[in-house]
There are 2 protein chains.
Amino acid sequence: MRIGELAHRTGVTTRALRYYEEQNLLTAERSSSGQRHYAEDAVERIRLIRQLYAAGLNSKTVAELTPDVVDGRATPQLLQRLDAERDDLDQRITDLIRTRDRLDSVIRGASANMHTGARCPRIADA
Amino acid sequence: MRIGELAHRTGVTTRALRYYEEQNLLTAERSSSGQRHYAEDAVERIRLIRQLYAAGLNSKTVAELTPDVVDGRATPQLLQRLDAERDDLDQRITDLIRTRDRLDSVIRGASANMHTGARCPRIADA
DNA sequence: CTTGCCTTTGACGTCAACGTCAACTTTTAC
DNA sequence: GTAAAAGTTGACGTTGACGTCAAAGGCAAG
């Protein structure tokens, strides 16, 4: 499939796809005239890339974690990187849960007081 | 306390503190010569701001969620905003957990195969 | 063959959250 | 009093992940 279809099927722009290629996150066959052609599995690869971006990784890190043309054998170094990123991610999840709980307690306090007309606890004190 | 001490105690730079003020996330008393002076609770407020930034909110949103000089009474609009942000955050947490689990399965597969010498599952297929 | 859409490369623009530097004034230490 | 340290405003620089536009070539339909 060509770039437009891949873009449409993954919900990202063609500009983003070219950017991913520039960052070595994605490769493409080229037709004789120079147009990019992608296989089916590119769709899933884009999803993976987006997922890792959403997890806060930058393109360099994503490239390091997803070597796509090596022989499928993990090096100890790669394993170590994966482990480190997993732990980072875990820490961020913990922090976000804490933040969510803090929001929850503010919301509970505020909505309870809405009816009584009492003052709400200041969000900073939650 | 002055800006340097607040910066030191919160681990952010003075530039960041001035930026927060510019974005209406933070207010400060001014001495006659124009220097900023902060009360104790500024420390906790900075932590809150950092926490919300870490949760992916931008300064405009943080400002809207933490009106600091109003009378402590939540408006229905504020409550609605808080609720919406909470739901956004919850969705992001869910996504991150999915990503973490995907990383986990890759790591387990890879480290198991390290010893057998077998090929690892490609990360994209996890 | 031409019309219209798709694709190519290249280059400049954007936006948020600050970093950095300059020029200057205040406060602190001795 | 004087030098060092800390504070002030203002302005320009940075970074990452693209957006946007220009100029040009490719491709199926009629």
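Quick note on labels: first sequence line is chain A, next is B, and so on, each numbered from 1. Please read these numbers as outputs of a predicted model, since none were measured by experiment.
- Atoms NE2 (His8(B)) and P (dG7(D)) sit 12 Å apart, rounded to a whole Å.
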Protein-proximity profile, nucleotides 9-16 of chain C, B/S/- by nucleotide at the 4.0 Å heavy-atom cutoff, equals B-B-----

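- The shortest distance between side-chain heavy atoms of Tyr20(A) and Val62(A) does not fall below 4.5 Å.
- Rounded to whole angstrom, the span from the CD atom of Glu5(A) across to the C1' atom of dT7(C) amounts to 14 Å.
- Scanning residues 84-93 of chain A for heavy-atom distances under 4.0 Å to DNA chain D yields an empty list.
- Atom CD of Glu5(B) sits in a crowded spot, with more than 12 heavy atoms from other residues, nucleotides or ligands closer than 6.0 Å.
- Leu25(B) places its CG atom 11 Å from the C1' atom of dA17(C), with the value rounded to the nearest Å.
- The shortest side-chain heavy-atom distance between Arg102(B) and Leu48(A) falls under the 4.5 Å cut-off.
- With values rounded to the nearest 0.5 angstrom, Glu22(A) atom CD is found 12.5 Å from Leu17(A) atom CG.
- Remark: Arg92(B) pairs with Leu96(A), Leu89(B) by the side-chain contact (heavy atoms from CB on, under 4.5 Å) rule, at least two apart or across chains.
- One interatomic measurement links the two molecules: CD1 of Ile3(A) to C1' of dC27(D), which rounds to 16 Å at whole-angstrom precision.
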For nucleotides 24-30 of chain C, read 5' to 3', which letter fits each nucleotide if B means a protein heavy atom sits under 4.0 Å from the base, S means only the sugar-phosphate is that close, and - means neither?
--SSS--

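- Regarding His37(B), its NE2 atom lies at a distance of 11 Å from the C1' atom of dA6(D), rounded to whole Å.
- Note: CG (Leu17(A)) to C1' (dC6(C)) measures 14 Å, nearest angstrom.
- Taking the side chain as every heavy atom from C-beta outward, Gln51(B) and Asp95(A) never approach each other to under 4.5 Å.
- Counting heavy atoms from C-beta outward, Glu85(B) and Leu52(B) have side chains that stay 4.5 Å or more apart.
- Legend: salt bridge (Lys or Arg N to Asp or Glu O under 4.0 Å) pairs involving residues 52-62 of chain B, not counting sequence neighbours, sorted by first then second residue: Lys60(B)-Glu64(B).
- A salt bridge is defined here as a Lys NZ or Arg NE, NH1 or NH2 lying under 4.0 Å from an Asp or Glu carboxylate O, and Glu44(A) with Arg47(A) meets this definition.
- Residues forming a side-chain contact (heavy atoms from CB on, under 4.5 Å) with Arg18(B) (at least two apart in sequence, or on another chain): Ile3(B), Thr14(B), Arg36(B).
- The only member of Thr10(B), Thr27(B), Thr66(B) that meets side chain to side chain donor-acceptor pair (under 3.5 Å) when paired with Arg45(B) is Thr66(B).
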